[in-house]
Asker: 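This structure is in structure tokens; I'll ask about it shortly.
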Amino acid sequence: MPRIAYVDGQFVQHSQASIHVEDRGLQFGDAVYEVWAVRDGHLFDRQGHLARLGRSLNALSITPPLKDSSLMVIVRELIARNKLTNGLVYLQVSRGVARRDHPFPAHARPSIILTARSMNQVQADERAKQGIRVMTCPDNRWGRVDIKTVNLLPNVLAKQAALEAGFHDAWFVDADGLITEGTAQNAWILDQAGKLRTRPATQAILRGITRDTIIETAQSLGYPFEERAFSVDEAQNAQEAFITSATSFVTPVIAINASVVGDGNPGKISSSLRSEYLSQQTSVKEQLRASI
Ligand code: PLP
């Protein structure tokens, strides 16, 4: 079945979809993006991603090209046209097309791109059952990684370095030796005292939408929780470690560099948070909420 994309007001064949050579997203990384997971036909954390898109656009003074309700009509149409049951929807909004020059152009209209991609959820679930191994590396990103922009070169290089070194992913470490986050996920531990911890949402991390939902989930399950940064050493000596993101949901981390976390198997609490999150997001209640 041919893949369908959406570019500036039109649904087009994915293979034919293109943007202008002077799109500012292409030339300056002057663009923001969002990713929604789709599982069993459910669009996860719909409202949270929309709200963050608004914050990212606002941070860059880009006028939202569409109302949230119109955007959702397009997202649902894209899902339908691609017959997407399991996968993800990618959205990118740039400041628009203008002659290459650093200042904001006076008259550019924001450009909008949407793509949909299927993902093998059986494989993803299998990976979560096995757990992943992460490598740490210095966080050399810019100072506003809290804005979801397309400037992801350090993330790309860190991910590649991790794969080449035989790991599944990388965790960034700040100048104080504290873990910030993963290349495309937030980082969590269940510390030695039995507390779930993830870094506070300052400008040093992207405030994950999955992270926020998992905080609520953890609290509703009565797990002790604290927003407090942790060191590499604390993570290596934690009872459990895991990542959260729209694409990985909750995925246990079983090793950090050369150290095994806990007994080297996915932790019980990490795994229970994953199942709880998946059942919450695919529940009828969530579906009703999502359609509002
Ligand atoms: N941190 C970074 C750097 C990311 O790129 C992402 C997702 O792309 C996340 C965290 C997790 O965010 P979310 O849960 O909204 O997918």
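Both ligands and their constituent atoms are indexed starting at 1 by order of listing. Residue numbers count from 1 along this sequence.
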Asker: Kindly assign one of parallel, tilted or perpendicular to the pair W188 and F225, based on the angle between their ring planes and the thresholds 30° and 60°.
Answerer: tilted
Asker: Would you mind checking if R144 and D146 are paired as a salt bridge, meaning a charged N to carboxylate O distance below 4.0 Å?
Answerer: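 Result for this pair is yes, salt bridge flagged.
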Asker: Taking everything shown except R117 itself, do over 12 heavy atoms lie less than 6.0 Å from its CZ?
Answerer: no
Asker: Using 4.0 Å as the upper bound for N to carboxylate O, is an ion pair formed by R211 and E181?
Answerer: no
Asker: Ligand 1: which protein N/O atoms lie under 3.5 Å from its N/O atoms?
Answerer:
unit_1	atom_1	unit_2	atom_2	d
ligand 1	1 (N)	E181	OE1	2.6
ligand 1	8 (O)	K148	NZ	2.8
ligand 1	14 (O)	I209	N	3.3
ligand 1	14 (O)	T210	N	3.0
ligand 1	14 (O)	T210	OG1	2.6
ligand 1	15 (O)	R52	NH1	2.9
ligand 1	15 (O)	R52	NH2	2.9
ligand 1	15 (O)	I209	N	2.9
ligand 1	16 (O)	A246	N	2.8

Asker: Side chain to side chain donor-acceptor pair (under 3.5 Å) with N82: which residues, sequence neighbours excluded?
Answerer: none
Asker: In terms of side-chain geometry, is the basic nitrogen of R52 or D45 positioned less than 4.0 Å from the acidic oxygen of its partner?
Answerer: no
